[in-house]
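To start, the structure under review is shown below, and the notes come after it.
Residue numbering restarts at 1 for every chain, and letters A, B, ... go by the order of the sequence lines.
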Number of protein chains: 2
Amino acid sequence: MSRQMVRPGGRSARVQASVHTAVRELASEVGRDALTVPMIAQRAGVTPSTVYRRWGDLQELLSDVAVERLRPETAPGDHGALAADLTAWAEQFLDEMSSPAGRAYIRDALLGDPDGGNAGQCSAYAAEQIDVILTRASQRGEKVPDVETVIDHVVAPLMYRILFRPDGLGAAYAHRLVTAALDPTGR
Amino acid sequence: MSRQMVRPGGRSARVQASVHTAVRELASEVGRDALTVPMIAQRAGVTPSTVYRRWGDLQELLSDVAVERLRPETAPGDHGALAADLTAWAEQFLDEMSSPAGRAYIRDALLGDPDGGNAGQCSAYAAEQIDVILTRASQRGEKVPDVETVIDHVVAPLMYRILFRPDGLGAAYAHRLVTAALDPTGR
DNA sequence: CGCTAAAAGCTAACCAATTGCGTTAGCTCA
DNA sequence: TGAGCTAACGCAATTGGTTAGCTTTTAGCG
């Protein structure tokens, strides 16, 4: 888990919030690679030593912020059928993650992450969203694969290509993956 | 592609080689996280400014070294049948990549890699190996899937779980992926 | 064999990163 | 509600990673 085991209210919470927003603001102003701890601290109205004590180093801070931004803000849409729901979700997922900013967030989340906790959180977000879609389809009476199958057949290929082969990715590929994963002869 | 567009022979090549070996030696001596550019430069018999000029920063240097170490050194073994060849390859792949050292190399390769060239190289290595296996099987007269299918169904799930969910990975999972990918009803 | 340009060495100044210590503020229990 | 306790923060000084400008070397070529 993250290092948000801080006192829940008061100054600690304020510091954390202002540091996080400072990171996001500065990242969009000067670019992610130009970020430094002193720069962030100044914008947040905090001293650099506070940042070092709370987060250890810049990478862990960026990893925390990245996970926060990768958290889905809305439940997956309901289009009346499993295939449509999954396709729409996969296309949106690909869209958000394959942008330069999205790739940078993924890499940051993977990076400052010795114990693998933050990366696991990202995967858990996707699994939650898929579970919502599958549960809804199941209640409609549709036959559904399990979450792990969808992760192996849809999420993993998308993520692999986002990270290792950013070229030639599009909605068509996402659609194809979903269709193959749901094809009964493919199960 | 990498930044190895240097003069092919002479001093440039010597400097690059000695810097790379310095990184590998020091990484095993003091640990990857303790590496610094001045430290590497001294071991390599070079001034720090040379490293900064050639590689930009430590991350890009580590990314180059990581890609070099992720290059397979031997052709995939021949076990007489496609399923056996692929299973053996997948198990070895998983074994090498899921170790702490392997994960560190992957993350380094992804990291100092703005244009995605180094990551693409890693993927190309895997594709080459798979192509060798498939071509061999095809010459035996076996019916074979194409490379992209194997990447989607085997390599991507393995890599996804290595990066995002390191727990509970084993040879059995790799074997299961290969079997599913080759199952005719699964295509 | 001399010319040219790319690449490496060198030095010094800058500023990010880090750490120790004193102070503040939030939580808890009487 | 207020006194005590401790986690968290600010301050300041030190270290050393990083960069820029200039000189020197060397590989490639006519």
When you check the gap from the basic side-chain N to the acidic O, do [X] and [Y] get nearer than 4.0 Å?
X	Y	value
A/Arg69	A/Glu96	no
A/Arg54	A/Asp64	no
B/Glu29	B/Arg24	no

Here the residues of residues 40-52 of chain B within 4.0 Å heavy-atom distance, strictly under, of DNA chain C are B/Gly45, B/Val46, B/Thr47, B/Ser49, B/Thr50
Between N or O atoms, less than 3.5 Å apart, protein on one side and nucleotides 23-25 of chain D on the other: list the pairs.
unit_1: D/dT25; atom_1: O2; unit_2: B/Arg11; atom_2: NH2; d: 3.4

- If Ile, Leu, Val, Met, Phe, Trp and Tyr residues are connected whenever their side-chain heavy atoms lie under 4.5 Å apart, and connections chain through other members, are B/Val132 and B/Val178 in the same group? no
Establish whether B/Tyr125 and B/Ile133 are linked, either directly or via other cluster members, by ILVMFWY side-chain heavy-atom contacts under 4.5 Å. no
Please report, rounded to the nearest Å, how far the [atom2] atom of [N] is from the [atom1] atom of [X].
X	N	atom1	atom2	value
B/Met39	D/dT18	CE	P	11 Å
A/Trp55	D/dA8	CH2	P	11 Å
B/Asp57	D/dG17	CG	C1'	12 Å
B/Gln16	D/dT26	CD	C1'	17 Å
A/Arg54	D/dG10	CZ	P	11 Å
B/Leu61	D/dT18	CG	C1'	15 Å

- prompt: Between B/Met97 and B/Tyr105, does a side-chain contact (heavy atoms from CB on, under 4.5 Å) hold up when you go through it step by step?
  reply: CA-CA 8 Å; B/Met97 299 296 194; B/Tyr105 282 126; over 6 Å; no
Open item on the list: Parallel, tilted or perpendicular, judged at 30° and 60°: which one describes the rings of A/His153 and B/His153?
Closed with: perpendicular
side-chain N/O B/Arg14 vs C/dA7 OP1/OP2, d < 4.0 Å | no
Closest of C/dG9, D/dC11, C/dA16 to the A/Arg53 side chain is D/dC11
* Asked: Can you tell if the side chain of A/Gln129 reaches within under 4.5 Å of the side chain of A/Phe93, non-hydrogen atoms only?
  -> no
With sequence neighbours left out, the residues meeting side-chain hydrogen bond (donor to acceptor under 3.5 Å, both in side chains) with B/Ser49 are B/Thr47
